[in-house]
There are 4 protein chains.
Amino acid sequence: MPSARGRPRSESSRCAILETALRLARTKGYVQITMDGIAAEANVGKQTIYRWWPSKAAVVLEALRENARVEIETPDCGSLQTDLEYFFNSTFAVARRRRGIDQVLRAMMAEAQYDVEFAKEFRRYVIEPRRAVLFDILERGRARGEVGPNANPTLLVDAAFGVMWYRLLADVGEINEKLAKELAILLAKGSE
Amino acid sequence: MPSARGRPRSESSRCAILETALRLARTKGYVQITMDGIAAEANVGKQTIYRWWPSKAAVVLEALRENARVEIETPDCGSLQTDLEYFFNSTFAVARRRRGIDQVLRAMMAEAQYDVEFAKEFRRYVIEPRRAVLFDILERGRARGEVGPNANPTLLVDAAFGVMWYRLLADVGEINEKLAKELAILLAKGSE
Amino acid sequence: MPSARGRPRSESSRCAILETALRLARTKGYVQITMDGIAAEANVGKQTIYRWWPSKAAVVLEALRENARVEIETPDCGSLQTDLEYFFNSTFAVARRRRGIDQVLRAMMAEAQYDVEFAKEFRRYVIEPRRAVLFDILERGRARGEVGPNANPTLLVDAAFGVMWYRLLADVGEINEKLAKELAILLAKGSE
Amino acid sequence: MPSARGRPRSESSRCAILETALRLARTKGYVQITMDGIAAEANVGKQTIYRWWPSKAAVVLEALRENARVEIETPDCGSLQTDLEYFFNSTFAVARRRRGIDQVLRAMMAEAQYDVEFAKEFRRYVIEPRRAVLFDILERGRARGEVGPNANPTLLVDAAFGVMWYRLLADVGEINEKLAKELAILLAKGSE
DNA sequence: ATCTAAACGAGACGGTACGTCAGGTCTTGGT
DNA sequence: ACCAAGACCTGACGTACCGTCTCGTTTAGAT
């Protein structure tokens with residue numbers, strides 16, 4: 001057993017940092033916030049942040065994960081198309097539930113373009129889990145016989161998330177219930 | 001005609017700035033380059049850059065446009081699916097033709113998340129023109145009777161570019177001839 | 001005769017420059033004004049200033065000379081002490097007559113510390129002429145027999161102007177009628 | 001006692017800045033030196049200079065004070081005139097002892113004309129202390145009965161420093177042992 | 001009850017890049 | 001040849017953050 005010598009990590013500081021980071025990112029915008037700003041606002045030494053996180057993006061990403069603990073449910077709605085629509089609605093709802101989250105998500109994706117290490121974390125905790133869920137839904141459809149042998153799950157998954165991210169990042173369209181329905185139809189048709 | 005008083009803008013400086021900016025961005029990476037660096041390398045005063053462009057991103061974007069003057073052709077290949085495949089192959093080829101362009105494009109999209117003014121320029125000169133071409137191809141398909149009355153062109157366009165950007169930004173898949181073919185099939189099927 | 005070819009120098013521009021320079025220096029303070037500022041305010045090209053003057057200080061110095069054309073009179077008041085008092089009162093009056101002149105004079109002296117070329121001009125047009133007048137007064141006193149053979153005119157002159165500049169630059173005392181009288185007494189006593 | 005929180009100010013950086021500033025000012029000339037130059041030469045961040053001093057002039061002034069810690073002695077030489085001559089010789093020696101100091105002193109006086117805040121510091125640490133010493137010497141003379149009741153100490157002090165500064169700034173004469181003797185005689189005579 | 005060790009807040013540190021400002025030069029068309 | 005206009009190169013400015021460091025203090029387990 002690795003005996004823990006010395007003062008243990010302060011949970012209150014950890015929470016203060018995460019809460020402050022996410023709050024500032026949502027209200028002032030991700031680019032505007034600084035490590036100094038987070039430290040000052042959270043009544044925390046800057047070193048305490050750098051001791052546990054490598055970058056501003058890493059802090060915000062963990063804050064985002066902490067905040068979005070509510071798992072996305074994937075109940076069996078009986079058919080592929082309804083399963084898909086339910087999933088998309090759940091996914092899109094997250095961004096709309098709390099103001100500013102969409103902007104923070106966009107910043108995370110942007111940050112992943114500049115920081116290779118962060119990109120790995122981002123894929124691991126944001127991109128991949130959501131992809132896995134959608135693959136599961138398609139697999140369930142295959143079991144039901146709704147997904148044909150020539151279907152291309154990877155392309156369908158990329159198309160679905162692609163539309164979402166594209167509209168989010170390039171600001172070319174709404175992300176709402178209408179889109180959820182349209183995507184469900186497109187993927188269901190593409191699965192045949 | 002308003003007679004141009006004073007010393008006219010130096011075309012050689014303008015070109016030196018654009019060429020240097022794109023060269024540095026491609027070789028060293030967009031984040032690594034600085035206004036000071038561009039100015040020094042282009043033998044130009046920093047003020048001369050700030051006089052004509054508001055930000056590093058704006059310079060690189062214009063350099064990108066200047067560089068990519070070659071228009072994307074959209075010949076009539078006879079059928080919707082072949083038209084689409086041709087277009088996607090042309091589009092994907094741009095990024096592969098010159099090293100580092102993909103990385104610069106990703107940086108532009110990232111920058112658009114941080115800078116609202118730049119986002120407008122980016123949509124105007126990068127996003128929208130390419131969307132227009134794809135819409136044209138679908139319209140041609142409608143004239144041929146290949147696009148049904150219930151088809152949703154906007155969704156199809158978003159799906160195509162969405163997959164491309166999603167794979168580019170989230171690094172979840174290749175962008176190649178195989179994808180061009182798959183997307184052509186998906187969109188053709190979705191158009192019925 | 002050297003025929004003057006080409007467009008002759010614009011007297012109106014020259015005056016506009018000098019007037020603007022002195023006006024701005026007196027109102028905004030010498031350090032605050034810029035060549036660009038003078039040019040803009042005088043509706044004049046910057047090159048037109050640089051064509052005729054080597055520096056901001058040179059412009060202001062000429063403006064000062066143009067402005068202070070009124071010669072200092074040195075009437076024979078009958079005795080050395082009264083001659084001196086009259087001279088000092090005349091000299092001190094210049095600075096008080098128009099607001100801001102003292103500040104411009106201080107700036108000229110300051111500029112002379114930084115710019116060797118300007119220092120020559122400054123001595124030639126500001127320092128030396130005033131010294132010459134005071135030397136003349138002392139010489140007149142010698143003719144009258146008021147200045148003894150052991151008197152040291154140079155020291156006395158330096159003492160008089162020294163007090164004036166010292167109080168002006170180091171802000172350690174008033175420059176007024178009282179000082180004029182005191183200096184006159186000191187110099188008269190020192191001349192014996 | 002207010003406990004010193006946070007990292008304490010680095011004495012080594014402080015010294016490096018002051019030494020570098022004075023060295024550069026003396027060798028290259030005050031105007032030529034820049035904050036960037038001092039920072040680079042002293043291996044110090046520019047912010048570290050700005051954290052503790054408001055301007056280049058303030059740094060050089062403190063460096064000058066640090067450098068000139070050697071107090072000017074005012075031994076009782078027995079008579080007012082000899083006391084004065086000793087003081088003037090001591091004062092004039094400072095400037096001659098180390099090359100370039102005179103030029104830095106002139107720059108400080110010049111800077112005081114442009115920067116009101118700096119002028120206060122300059123008077124407080126350069127002008128006033130020296131005036132106080134001379135006033136003391138005159139007071140000692142009064143105790144001895146050498147200074148008459150009608151003498152004007154302020155005028156005499158201004159005359160002495162006035163000559164010195166005037167010759168320094170306007171470059172109209174030497175500052176040497178001869179001047180020290182002449183000033184001593186003038187002030188002694190003026191004190192009667 | 002001390003001792004050791006790590007985390008803590010605070011804040012100064014060396015650095016890099018920023019965007020601005022002014023200086024002095026150059027290049028137009030027009031007088 | 002001179003002029004107004006204004007773009008040009010240069011170089012210093014003062015600021016903002018970065019990520020690191022060095023204080024004194026706090027909090028635990030080990031001695």
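So that the names make sense, note that chain A is the first sequence line, chain B the second, and so on, each numbered from 1. Every value quoted in this text rests on a predicted model; they were computed, and no experiment measured them.
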Open item on the list: What is the distance, to the nearest angstrom, from the CD atom on D:Q32 to the C1' atom on F:dC13?
Closed with: 16 Å

TODO: Report yes if at least one side-chain N or O of C:R51 is closer than 4.0 Å to OP1 or OP2 of F:dC3; otherwise report no.
DONE: yes

TODO: Determine, for B:K56 against B:E111, whether the closest basic-nitrogen to carboxylate-oxygen distance falls under 4.0 angstrom.
DONE: no

Open item on the list: Could you tell me if the side chain of A:M108 sits less than 4.5 Å from the side chain of A:F118, heavy atoms only?
Closed with: yes

- [ ] Report the distance from atom CD1 of B:I33 to atom P of E:dT16, rounded to the nearest whole Å.
- [x] 18 Å

Task: Length of the line joining A:R5:CZ and F:dG29:P, which is rounded to integer Å - done: 11 Å

Task: Salt bridge present between D:E121 and D:R124 (N-O < 4.0 angstrom) - done: no

Open item on the list: Under 3.5 Å, is there any donor-acceptor pair linking the side chain of B:R7 to the base of E:dC26?
Closed with: yes

Open item on the list: Please confirm whether the shortest side-chain N or O distance from D:T48 to OP1 or OP2 of E:dG14 is below 4.0 Å.
Closed with: yes

- [ ] Find the distance C:K56:NZ to E:dC21:C1' and express it as a whole number of Å.
- [x] 13 Å

- [ ] Using the closest heavy atom to pick a nucleotide of DNA chain E for each, name whichever of A:S13 or D:S13 lands nearer the 5' end.
- [x] A:S13

TODO: Calculate the interatomic distance between C:I38 atom CD1 and F:dG6 atom P; express it in whole Å.
DONE: 18 Å

Task: Polar pair under 3.5 Å, donor/acceptor by atom type, side chain D:K46, base F:dG14 - done: yes

- [ ] Between B:G6 and C:T34, just flag the one whose closest nucleotide in DNA chain E comes earlier from the 5' side.
- [x] C:T34

TODO: Answer yes or no on whether A:R9 is positioned over the face of A:W53, meaning its NZ or CZ is under 6.0 Å from the six-membered ring centre and within 45° of the axis.
DONE: yes

Task: Interatomic distance where CD1 belongs to D:I49 and P belongs to F:dG14 [whole Å] - done: 11 Å

Task: Under 3.5 Å donor-acceptor pair, A:Q47 side-chain atoms to E:dA7 base atoms - done: no

Open item on the list: Can you measure C:Y30 atom OH to E:dA22 atom P for me and round it to whole angstrom units?
Closed with: 14 Å

Task: Most 5' of D:Y50 and B:R9 on DNA chain F, judged by nearest nucleotide - done: B:R9

Open item on the list: Between the side chains of A:E19 and A:R14, is the shortest nitrogen-to-carboxylate-oxygen separation below 4.0 Å, so that they form an ion pair?
Closed with: no

Task: C:M35 CE - E:dA22 P separation (whole Å) - done: 13 Å

TODO: Please work out if A:W52 contacts a base, only the sugar-phosphate, or nothing of the nucleic acid, heavy-atom cut-off 4.0 Å.
DONE: sugar-phosphate

